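Everything numeric in this text was worked out from a predicted model, so none of it was measured. Per chain, numbering begins at 1; letters A, B, ... match sequence-line order.
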There are 4 protein chains.
Amino acid sequence: MRSRFEGSVPGSANSRTFIETARRQQLIDAAVATVNELGYHRASLAEIAKRARIAKSAVVYYFSAKEALLLELVETVFAALDEQVVAAVDGVSEPAARLQAYADAYLAHVDVHRQAVAAAVEIAVSHRTAEGTPLYLVADDADTALLRSILRAGMDEGTFRSMPIEVATGLTESVLDHAITLVQRHPGADLGELRAQVVPYLLRALRAQDD
Amino acid sequence: MRSRFEGSVPGSANSRTFIETARRQQLIDAAVATVNELGYHRASLAEIAKRARIAKSAVVYYFSAKEALLLELVETVFAALDEQVVAAVDGVSEPAARLQAYADAYLAHVDVHRQAVAAAVEIAVSHRTAEGTPLYLVADDADTALLRSILRAGMDEGTFRSMPIEVATGLTESVLDHAITLVQRHPGADLGELRAQVVPYLLRALRAQDD
Amino acid sequence: MRSRFEGSVPGSANSRTFIETARRQQLIDAAVATVNELGYHRASLAEIAKRARIAKSAVVYYFSAKEALLLELVETVFAALDEQVVAAVDGVSEPAARLQAYADAYLAHVDVHRQAVAAAVEIAVSHRTAEGTPLYLVADDADTALLRSILRAGMDEGTFRSMPIEVATGLTESVLDHAITLVQRHPGADLGELRAQVVPYLLRALRAQDD
Amino acid sequence: MRSRFEGSVPGSANSRTFIETARRQQLIDAAVATVNELGYHRASLAEIAKRARIAKSAVVYYFSAKEALLLELVETVFAALDEQVVAAVDGVSEPAARLQAYADAYLAHVDVHRQAVAAAVEIAVSHRTAEGTPLYLVADDADTALLRSILRAGMDEGTFRSMPIEVATGLTESVLDHAITLVQRHPGADLGELRAQVVPYLLRALRAQDD
DNA sequence: TATGAATGAGTATTCATTCAT
DNA sequence: TATGAATGAATACTCATTCAT
């Protein structure tokens, strides 16, 4: 919807120059660092700009507003997480195996991109739009849908214990998100043990057989 | 264990008059309402004072600073939760039964005091001191210790599967905290199904027998 | 619609303290001076506050926003002008005499309150609401209605020449507003000659007899 | 008589290339559109450039500054108005006829070039130099001189009533400028009635005979 | 000839806090 | 015990201008 002629405000994604793309990434990185260091609440334009070694107004030059920068950060991070997870379950058909692939990919991504994920989650949890509504829905939906479909398939098949799908999905997400909580609280934490335990933990919690 | 931030005006805890105690509670209630309505970010002194039908400066009179009010809120809420949970497990000796008592009490408290718990958690997650450090440690510790001891006892006994105690504790907490996430996102949510499912879910995930 | 409990923001008009009323007037005076000196465009909160020898934030303390201050200025000025004019025509029944009373009162008010009127008109002409619409309607309507009714009565009666009422009203207003233009351009101008000439000028332009 | 603000880049008026002249006109047109659409206050370089489908910095390339563009706009518009009016009265010798020619030409020009005139007047009224002085003198003088000379001649001759020349000139201008006010407030207004009424209105107001 | 990049000064507004009463 | 008054620092954002290319 944007015209090429809107002053010097950078254009749409497909018309980005090299330097613009680089600057936008640099600013997203700076925002990640700022949010992790100071928290969402104190992550002001000034602090982000300082970390990017750039003027405050340059941030607004590349992103039309602080909100746009943070939202792009969130979107980027969750899109990457989603992509990795979707790729991991692709081609796997057994529900239990799919859940395992899903969880492994999810935790691996959180482990490797912990700073970005920690910042994105802090923003998603803290940010409210101008009208006051939080962001809970913006980024998580595709992700949730996939997980829900895996669990539903497992229940239908009899591999997973029958239980309300929302409860099963929510608890599974909570278990996986523990990795995020962990890296938020201890940025250098070793997730090895957690990654080793989570899938069996989930499978035991969900499986149907005996008892 | 009172926080360092509590403020010395108008008097120490043991010298509080009746009216002062009432005012402090009134302000904490107002803060809960404000945080739930507007979010931590927009929960200003002015908004809190408005809901308490009191002047902004009176808030500072009873609590030395906004931060002291919020921290007392957090402490109060987690102390009450802790108290209920401790009372529930008291006298129960079998680890599995203790876990069940713990979880049931925890979820019941969250269910009944959802507004207060939701606000306290939002503050605990969002607030940072002037130096930028988060609050993760202030309130949760006693709680975590009890849960950890239950799990450790269960593992020692052979009821619970052997696994790194931090992982087991963290995952259990994450599962329980799903209830909080739920009421934060949907203040009117019915926790019945969740409360019915969580204990069996945890026991399956943790139990030692077969496989 | 305002509650008594909205932080320390001053309450509704009937609950104003002495000091508050004084401050509001002082700020309106400062705004008049600023607009006349620098123009609407450069009349920033900082400049207004400087002239009132008060902090910028105090302006916002008494008026919730810059716009509210300027709009109150405009309203106050036009209400006073309107009141004077209405009082002047009250009890006069002949259209020509009513027009004379109207014009004399109008010009006298502009003459005496030239700074305030000049500022109010500059604001009314320059200000746009957030949506971009100007203020043309906010203040002038009651005034215009009275003038229109006088002219219509004169035409019905045969004293004034028949012509489209909007044209007659608009031209008469333009003639009267010349006094405002004059004091805007030359703040110290002597309006004596103009005031002596305007009524006969208007009556000649409007009267029905001969030709 | 070119303004001091015109800027020396890229060349003086007599050395302008064809493309440069075209660009300058294009930018003036864009400025007219912008001022009419958004008002002087929000007519930023970025908005003007957007409407000219050109980069912001190109505006500064052709005009040394935003101010130079706006001032040239004002000058251009009033020069054209002046030219039309001068041509209309040229060869007419009777003061009343000259006034009629003057007024008709003035109103016709305003009617036909209403966008440009509305924008120029809004700028002339709103703009202040860095020191805070308005533009009232920049464009209007030649115009006023002609009108004044017509009225003076009419008074000397006895056709127009004797009155202070500044008053007569000012009132006449105010009457004529009502057309501008009208098109500013209602860009699509039909000026037919007004144009039909103004000249007789003025002649009645000014004429000497009877009383 | 024209532009994208970048900036510094300025804008209105928010807000926790101080203080005299 | 409680408050209204006042403020300074911080906030996101705007904008004319500069400059290398």
Side-chain angles (χ1 to χ4, degrees), chain A residues 4-5 7-11 16-20 22-23 41-49 54-69, chain B residues 9-10 17 19-20 23 41-49 54-69, chain C residues 5 7-11 15-20 22-23 41-49 54-69, chain D residues 9-10 17 19-20 23 41-49 54-69:
Chain A
R4 268 175 309 140
F5 302 98
S8 47
V9 177
R16 297 234 171 89
T17 63
F18 170 76
I19 193 168
E20 189 186 339
R23 272 278 192 246
H41 196 55
R42 294 180 144 84
S44 65
L45 268 190
E47 291 290 347
I48 294 170
I54 215 180
K56 251 182 346 184
S57 47
V59 181
V60 182
Y61 174 72
Y62 284 105
F63 295 89
S64 56
K66 181 195 176 187
E67 190 179 41
L69 166 57
Chain B
V9 174
T17 64
I19 193 169
E20 189 187 335
R23 274 279 195 237
H41 198 59
R42 292 167 201 240
S44 65
L45 263 194
E47 291 289 345
I48 294 169
I54 216 178
K56 231 172 26 170
S57 43
V59 181
V60 183
Y61 175 73
Y62 283 105
F63 295 88
S64 61
K66 182 194 177 189
E67 189 177 44
L69 166 58
Chain C
F5 303 97
S8 49
V9 176
S15 75
R16 296 235 171 86
T17 64
F18 170 75
I19 192 167
E20 189 187 339
R23 273 277 192 246
H41 196 55
R42 294 180 143 82
S44 63
L45 269 189
E47 292 288 347
I48 294 170
I54 215 179
K56 250 183 348 182
S57 47
V59 182
V60 182
Y61 174 71
Y62 284 107
F63 295 89
S64 57
K66 181 195 176 187
E67 189 179 42
L69 166 57
Chain D
V9 175
T17 64
I19 194 169
E20 190 188 335
R23 274 279 195 236
H41 198 60
R42 292 167 201 241
S44 65
L45 263 193
E47 290 289 346
I48 294 170
I54 216 178
K56 231 172 24 171
S57 44
V59 181
V60 184
Y61 176 72
Y62 283 106
F63 295 88
S64 60
K66 181 194 178 189
E67 189 177 43
L69 165 58

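- The distance from atom CZ of C:F63 to atom C1' of E:dT13 is 16 Å, rounded to the nearest whole Å.
- As rounded to whole Å, 8 Å separates atom C1' of F:dT11 from atom NZ of A:K66.
- Between B:L45 atom CG and E:dA16 atom C1' the separation is 6 Å, expressed in whole Å.
- The structure places NZ of D:K56 at 8.0 Å from OG of D:S44, a figure rounded to the nearest 0.5 Å.
- Among the nucleotides E:dT13, F:dT17, F:dC19, the one closest to the side chain of D:S57 is F:dC19.
- Of all nucleotides present, only F:dC15 satisfies the Watson-Crick or G-U wobble test against E:dG8, with each distance under 3.5 Å.
- If you measure from atom CZ of C:R16 to atom C1' of F:dA5, you get 15 Å, rounded to the nearest angstrom.
- In this entry the distance linking CD of D:E47 with P of F:dC15 reads 8 Å, nearest Å.
- Backbone-only engagement by A:S44 is indicated by non-hydrogen atom pairs under 4.0 Å involving sugar-phosphate atoms exclusively.
- Straight-line distance from the CZ atom of C:R23 to the P atom of F:dG4: 16 Å, rounded to whole Å.
- Both C:A65 and D:V59 sit near DNA chain E, but only D:V59 has its closest nucleotide nearer the 5' end.
- Closest approach to the B:T17 side chain among E:dT17, F:dT1, F:dA12 is made by F:dT1 (side chain taken as heavy atoms from C-beta onward).
- Among E:dT3, F:dA10, E:dT7, the nucleotide with an atom closest to any side-chain atom of C:K56 is F:dA10.
- When every heavy atom of D:V60 is checked against every heavy atom of D:S64, the shortest pair comes out as CG1-O, 3.5 Å.
- Comparing B:A58 and C:A58 by the nucleotide of DNA chain F whose heavy atom lies nearest to each, the residue mapping closer to the 5' end is B:A58.
- F:dA20: Watson-Crick or G-U partner is E:dT3, with both key distances under 3.5 Å.
- The distance between atom CZ of C:R42 and atom C1' of E:dT11, rounded to the nearest whole Å, is 14 Å.
- With a cut-off of 3.5 Å on both pairing distances, the Watson-Crick or G-U wobble partner of E:dT14 is F:dA9.
- Nearest heavy atoms, A:V59 versus A:A49: CG2-CB, 3.9 Å.
- Here the C1' atom of nucleotide F:dG4 and the OH atom of C:Y61 are 5 Å apart, to the nearest Å.
- Taking CD from C:E20 and OH from C:Y61, the interatomic distance works out to 7.0 Å, rounded to the nearest 0.5 Å.
- Considering all non-hydrogen atoms of both residues, C:H41 and D:H41 come closest at ND1-ND1, 2.9 Å.
- Among the protein residues, A:A55 comes within range of the sugar-phosphate backbone only, with heavy atoms under 4.0 Å from sugar or phosphate atoms but none that close to a base.
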